[in-house]
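Because the structure is predicted, anything quoted here is derived from the model rather than measured.
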There are 2 protein chains.
Amino acid sequence: MVNAMKATRRNTWQREAVKKGLADFADSISAQGLHTFLGQEGVDMGLATVYRSLSVLVEEGLVDAIQSPDGEALYRLCASGHHHHLICRNCGFTVEIEAPDMEKWATAEASKHGFTKPEHHMEVFALCANCTAKTSAK
Amino acid sequence: MVNAMKATRRNTWQREAVKKGLADFADSISAQGLHTFLGQEGVDMGLATVYRSLSVLVEEGLVDAIQSPDGEALYRLCASGHHHHLICRNCGFTVEIEAPDMEKWATAEASKHGFTKPEHHMEVFALCANCTAKTSAK
DNA sequence: TTTGGTGCAAAACCTTTGCATTAGG
DNA sequence: CCTAATGCAAAGGTTTTGCACCAAA
């Protein structure tokens, strides 16, 4: 038996704070961003702990992590329905969009290649109307 | 007139080496990995130049960049058409998959919200057949 | 009491940048 | 010539880690 006894996970207010922070933010946010956000809400905890809590939450399947194009990890509670984001690559303005067939498609593609437990992370980066106007006037 | 004359792009053996390296490797590889790989093939060039060359190639649309789950950027020659990746989250085994409607969908969704120049980054992470077997036997 | 968790700061990592030098056109 | 591109090393930004102390069970 390789399985040594699994260490018991303790509940700390810090980990709760991270969960609550994510819930309050209700959108993808970076670890550092979340740390700052919590600070503004009066929750004072170490940055390392935010990282560690997020790892735990991801491991437990309560939080979803994606990589932004510039290499930061973004986290968000992966509870409510799976939606995707349309993000302005210039000003950051974000809109939620739906991809009804994506789920089915990902699952189909995955099993076609013998993969199981598919999970898709997708973001559409574009220029919002505002920034399109500004930018085209280059 | 903001538009100064566009600087001419010069051809250097370094940039060619990067292209050839990617072709030889024929799979996603990180910038650092590519630098090492080139070194082993006797091509000696600066790491910074590898990064710079990759940026240029991505900008020119010859190379595709994706973000690995652990925060590195992975590059590969983007042969023809826009494809996506199905990546085993355990062993890293990757398969190319196609999403014929994705392009249309992203564009439609974007313009529906007034966004322009959409670019979608999407990855499907799952467990390959091999790792599914191993993991389920936990 | 036991031993996960935390905070802090240092370290590890990938990537970008400043600057003098080289070399493409 | 002119100046883009390179190489090197230093700097930047995110994430991880070592260690002493604290607190959940």
Which of the following nucleotides, [options], is nearest to the side chain of [X]?
X	options	result
R10(A)	dG24(C), dT15(C), dA25(D)	dA25(D)
A31(A)	dT6(C), dA5(D), dT15(D)	dT15(D)
T49(B)	dC14(C), dG7(D), dT6(C)	dG7(D)
W13(A)	dG25(C), dG7(C), dG7(D)	dG7(C)
A48(A)	dT15(C), dT17(D), dT6(C)	dT17(D)

Nearest whole angstrom, please: distance from the [atom2] of [N] to the [atom1] of [X].
X	N	atom1	atom2	result
R9(B)	dA23(C)	CZ	C1'	17 Å
H35(B)	dT6(D)	NE2	P	13 Å
R15(A)	dA23(D)	CZ	P	16 Å
E16(A)	dT6(C)	CD	P	11 Å
Q32(A)	dT15(D)	CD	C1'	8 Å
N11(B)	dG24(C)	CG	C1'	8 Å
L47(B)	dA5(D)	CG	P	18 Å
E60(B)	dA4(D)	CD	C1'	14 Å

Non-hydrogen atoms of [X] and [Y] that approach each other most closely:
X	Y	result
W13(B)	V43(B)	CZ3-CG1, 3.9 Å
L38(B)	G21(B)	CD2-CA, 4.0 Å
E41(B)	D24(B)	OE1-OD2, 3.4 Å

I want to check one thing: is the phosphate of [N], taken as OP1 and OP2, less than 4.0 Å away from some side-chain N or O of [X]?
X	N	answer
Q14(A)	dA23(D)	no
T8(B)	dT3(D)	no
Y51(A)	dT16(D)	no

No-H, no-angle donor-acceptor pair, R52(A) side chain to dG4(C) base, under 3.5 Å: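 Checked by distance alone, the answer is no.
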Between [X] (side chain) and [Y] (backbone), is there a donor-acceptor pair under 3.5 Å?
X	Y	answer
R15(A)	T49(A)	no
H35(A)	S30(A)	no
S111(B)	T107(B)	yes

Are E59(B) and R9(B) within salt-bridge range, i.e. N to O under 4.0 Å?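 Looking at E59(B) and R9(B), the cut-off is met.
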Pairwise 5' ranking along DNA chain C for E72(B) and T12(B), keeping only the more 5' one: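 Comparing both residues, the 5'-ward one is E72(B).
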With L34(A), which of L74(A), L54(A), L47(A) fulfils side-chain contact (heavy atoms from CB on, under 4.5 Å)?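 Of the listed options, the one satisfying the test is L54(A).
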Bending between helix ends of the helix from dT1(C)-dA25(D) to dG25(C)-dC1(D) [5 pairs per end, 10° resolution]: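 Between the first-five-pair axis and the last-five-pair axis there is 40°.
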